[in-house]
**Q** 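I have a structure here, written as structure tokens, and I will follow up with some questions on it.
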Amino acid sequence: MTRILLRNGQIHTGLAPAEPITAMAVEDGRIVWTGTDLDGFTSPDEVVDLGGRLVTPAFVDSHVHVVETGEQILGLDLGGAPSREAVLDMVAAYVTDLGPDDLVLAQGWDETRWPDPTLPTATELDRASGGRKVYLNRIDGHSAVVSSALMAEVPGITGLPGWTAEGRVEREALRALLPLLADLTPAGHAERGARAALQAMAALGIGAFHENAGPDIGPESDLVAVQTQAAESGLHGTYYWGAHLGFGDLDRLDDVSGLAGDLSADGSMGSRSAALTFDYADLAGHRGHAYLDPEQLAEHIIGCTRRGLQAGFHCIGDQAIDNIAQAFRLAEKALGAETLRTRRHRLEHCELPSPAATETFAHLGVIASMQPMFDGLWGGPGRMYAARLGERWQQMNPFRTLLDAGVRVAFGSDSPVTPLDPWAAVHAAVHHRTPGQGITPAEAFAAHTVGGWYAAGIDDAGTLAVGQRATYAVWDRTTFPDLTTPDVADVTTACLQTVVDGRTVFEKEGVR
């Protein structure tokens with residue numbers, strides 16, 4: 001195999017070397033040597049002069065929706081819409097290039113950023129779209145606004161929980177629409193979306209990702225499309241299917257690490273569907289929705305553990321997280337703590353854990369897969385968390401508390417909910433909006449690299465040490481970013497090359 005020597009660089013190994021590392025050798029997808037140019041690695045087949053550039057472990061996005069991210073890249077992105085009127089105008093402009101029977105599929109609107117949070121109605125969407133079928137997914141993916149033409153295609157939707165005559169849907173009504181969306185999208189849609197998203201990730205120095213698929217996200221064919229495109233692109237994928245007790249689904253699906261990911265124990269703060277132990281500050285008498293009780297959750301954990309699978313759940317509110325902690329305690333009684341620890345079960349988001357739940361997760365080795373940009377976008381006084389929770393917003397996303405308790409943390413984007421931007425995520429974790437909950441740059445970078453590999457059950461990746469997988473990124477800078485700076489613009493940097501297991505999956509310019 002080809003022996004490649006990278007020299008004259010600034011190599012950040014993700015460890016704490018006693019001296020600067022300026023060179024690294026790769027063979028057969030593995031790192032076989034690190035040191036300085038003066039150490040004299042012999043007999044390379046190829047020498048790459050880095051020109052002083054920075055090399056780091058590639059990022060791992062530990063929670064992403066690949067097809068949906070591609071849809072945002074290729075389609076109608078409402079993330080920047082400043083008002084409901086702007087949303088309607090964007091829909092009207094978008095449909096000018098569509099046929100009368102084409103589906104309008106868009107996402108990213110966030111009414112908490114609008115001067116007036118009133119949502120567009122189905123009638124207004126009918127008018128803006130020329131009577132087309134329209135599905136506008138909220139930024140959190142837990143509610144949507146849809147046109148009358150789309151609702152008319154789902155018999156009985158008006159009797160389902162979460163339906164409103166104005167066109168806003170959530171819970172069972174939202175889930176009832178998903179099979180129809182799959183039927184209405186054209187052939188090759190998922191493949192094109194997956195390809196676009198994977199290309200975007202590779203260009204950002206992301207070498208590995210965890211796809212959080214499931215029947216409440218999209219059809220099984222979407223997951224297959226992601227797997228196929230990832231194999232072609234060279235990115236390393238870890239795949240989860242969020243189906244409660246969905247063991248029979250695994251007879252049809254290959255290479256699935258667990259029935260985990262977005263298996264929802266509750267909803268979201270933005271949609272007021274996260275399950276809380278107290279009333280929402282801006283909706284008296286309402287505490288969200290818990291979709292599974294502790295006994296149902298425990299049955300899932302036990303079933304996954306016995307089959308050698310990871311279990312995991314989407315959970316945001318403290319009530320949902322407490323339910324999961326109770327379920328893990330029930331599973332511990334049935335299986336024992338050590339058996340549970342070996343599976344590295346995981347939680348997605350885990351935004352408002354109680355001290356008791358945190359202790360349970362640390363004891364049983366449950367991993368928190370979290371998104372720092374949630375706090376970056378919605379934390380702080382006067383923002384969405386404060387509107388929903390009052391002063392309790394300061395308890396959200398407690399990175400410092402979780403790490404100090406011994407909970408392993410992995411970082412991701414939840415894209416398209418927040419952008420694919422790993423440096424910004426690491427920066428947000430350091431500059432947490434709640435005093436005392438920020439973590440060190442080293443901890444934040446580790447959570448977005450080696451932490452993601454650990455959450456996938458992989459222990460030979462995430463650092464640039466001898467014997468580890470040669471999965472790294474080359475950056476257009478000569479020093480590791482100063483993540484202590486308050487301005488995120490100071491740490492963003494262009495990726496020049498991304499390598500996964502020794503294979504170049506992205507290259508911008510003449511690194512070689």
Side-chain angles (χ1 to χ4, degrees), residues 4 6-14 20-24 26 48-62 64 66 69-70 72-74 77 79-80 195-209 233-236 371-373 376-377 411-413 415-416 418-431 441-442 444-450 452 462-464 470-512:
I4 301 174
L6 291 78
R7 62 175 296 277
N8 189 26
Q10 298 296 320
I11 298 176
H12 180 85
T13 64
I21 301 300
T22 61
M24 179 173 74
V26 174
V48 177
D49 189 334
L50 294 167
R53 295 187 180 103
L54 174 69
V55 180
T56 72
F59 286 106
V60 180
D61 194 317
S62 298
V64 65
V66 174
T69 296
Q72 185 179 56
I73 293 169
L74 299 175
D77 180 6
R195 187 161 51 249
L198 293 167
Q199 289 171 350
M201 284 192 275
L204 291 167
I206 299 169
F209 66 94
S233 73
L235 271 70
H236 186 282
Q371 295 71 44
M373 287 308 297
L377 292 172
F411 284 161
S413 66
S415 179
T418 76
L420 295 169
D421 192 342
W423 283 118
V426 170
H427 185 270
V430 174
H431 296 271
F445 186 77
H448 221 328
T449 51
V450 69
T463 63
L464 303 183
T471 299
Y472 59 87
V474 180
W475 305 95
D476 191 18
R477 62 184 304 137
T478 58
T479 59
F480 192 79
D482 180 8
L483 294 165
T484 62
T485 179
D487 188 353
V488 68
D490 293 339
V491 304
T492 55
T493 185
C495 178
L496 301 181
Q497 184 185 39
T498 305
V499 176
V500 178
D501 292 342
R503 173 185 172 184
T504 297
V505 299
F506 168 78
E507 191 165 79
K508 185 175 182 180
E509 58 184 57
V511 176
R512 294 179 181 271

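Since this is a predicted model, take the numbers as computed values, not measurements.
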**Q** Any side-chain to backbone donor/acceptor pair from H448 onto V60? Under 3.5 Å, distance only.
**A** yes
**Q** As a quick check of understanding, evaluate side chain to side chain contact (heavy atoms under 4.5 Å, CB included) for V26 and Y472, giving each step before the final call.
**A** CA-CA 11 Å; V26 174; Y472 59 87; 4.3 Å; yes
**Q** Would you find a donor on one side and an acceptor on the other, under 3.5 Å apart, between the side chain of T13 and the backbone of T463?
**A**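 No, T13 side chain to T463 backbone: no donor-acceptor pair under 3.5 Å.
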**Q** Output, in order, the C-alpha distance, side-chain angles, deciding distance and verdict of side chain to side chain contact (heavy atoms under 4.5 Å, CB included) for M201 and V66.
**A** CA-CA 10 Å; M201 284 192 275; V66 174; 4.1 Å; yes
**Q** To the nearest 0.5 Å, what is the distance between CG on L6 and CZ on R53?
**A** 11.5 Å
**Q** Write down the atom of F411, the atom of A444, and the distance for their closest heavy-atom approach.
**A** CD1-O, 3.7 Å
**Q** Give me the atom names and distance for the closest heavy-atom approach of A202 to F506.
**A** O-CB, 3.6 Å
**Q** For residues G207 and A58, report the shortest heavy-atom separation together with the two atoms involved.
**A**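 That would be N-CB, 3.8 Å.
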**Q** Can you tell me how far the NZ atom of K508 sits from the OG1 atom of T498, to the nearest 0.5 Å?
**A** 11.5 Å
**Q** Taking the ring centre of each residue, are F59 and W423 less than 6.0 Å apart?
**A**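 When the ring centroids of F59 and W423 are compared, they turn out to be within the sub-6.0 Å range.
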**Q** List the steps and the verdict of side chain to side chain contact (heavy atoms under 4.5 Å, CB included) for D421 and L204.
**A** CA-CA 7 Å; D421 192 342; L204 291 167; 5.8 Å; no
**Q** Ignoring hydrogens and angles, tell me if any N or O in the side chain of N8 forms a donor-acceptor pair with the backbone of D49 under 3.5 Å.
**A**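 No: the side chain of N8 does not pair with the backbone of D49.
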**Q** Show the nearest heavy-atom pair for residues M24 and V55, with the distance to one decimal.
**A** CE-CG1, 4.4 Å
**Q** Would you mind reporting whether V450 and P57 have side-chain heavy atoms less than 4.5 Å apart?
**A** no
**Q** Has T478 got a side-chain atom pairing as donor or acceptor with G52's backbone, closer than 3.5 angstrom?
**A**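 No, the answer is negative, given that no donor and acceptor are paired below the 3.5 Å cut-off.
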**Q** If you round to the nearest 0.5 Å, how far is CG of L496 from CG of L54?
**A**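 L54 CG to L496 CG: 10.0 Å, rounded to 0.5 Å.
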**Q** Heavy atoms only: give me the nearest A197-G70 pair and the separation to one decimal.
**A** CB-N, 3.7 Å
**Q** Report the C-alpha distance between V64 and L420 in whole Å, list the side-chain angles of each, state the deciding distance to 0.1 Å, and finish with yes or no for side chain to side chain contact (heavy atoms under 4.5 Å, CB included).
**A** CA-CA 9 Å; V64 65; L420 295 169; 4.3 Å; yes
**Q** What's the spacing between T479 OG1 and H12 NE2 if we round to 0.5 Å?
**A**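 If I round to the nearest 0.5 Å, the distance is 11.5 Å.
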**Q** State which residues pass side-chain contact (heavy atoms from CB on, under 4.5 Å) with V500; sequence neighbours excluded, sorted by chain then number.
**A** H236, T471, V505
**Q** Are the side chains of T22 and R7 in contact, using a 4.5 Å heavy-atom criterion?
**A** no
**Q** What distance separates L74 CG from D77 CG, expressed to the nearest 0.5 Å?
**A** 11.0 Å
**Q** List for me each residue that meets side-chain contact (heavy atoms from CB on, under 4.5 Å) alongside T484, sequence neighbours excluded, and say none if there are none.
**A** P441, D482
**Q** For T418 versus L377, what's the shortest heavy-atom pair and its separation?
**A**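 Heavy atoms only, the tightest pair is CG2-CD1, 3.8 Å.
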**Q** Is H431 reaching over with its side chain to a backbone N or O of L483, donor-acceptor style, under 3.5 angstrom?
**A** yes
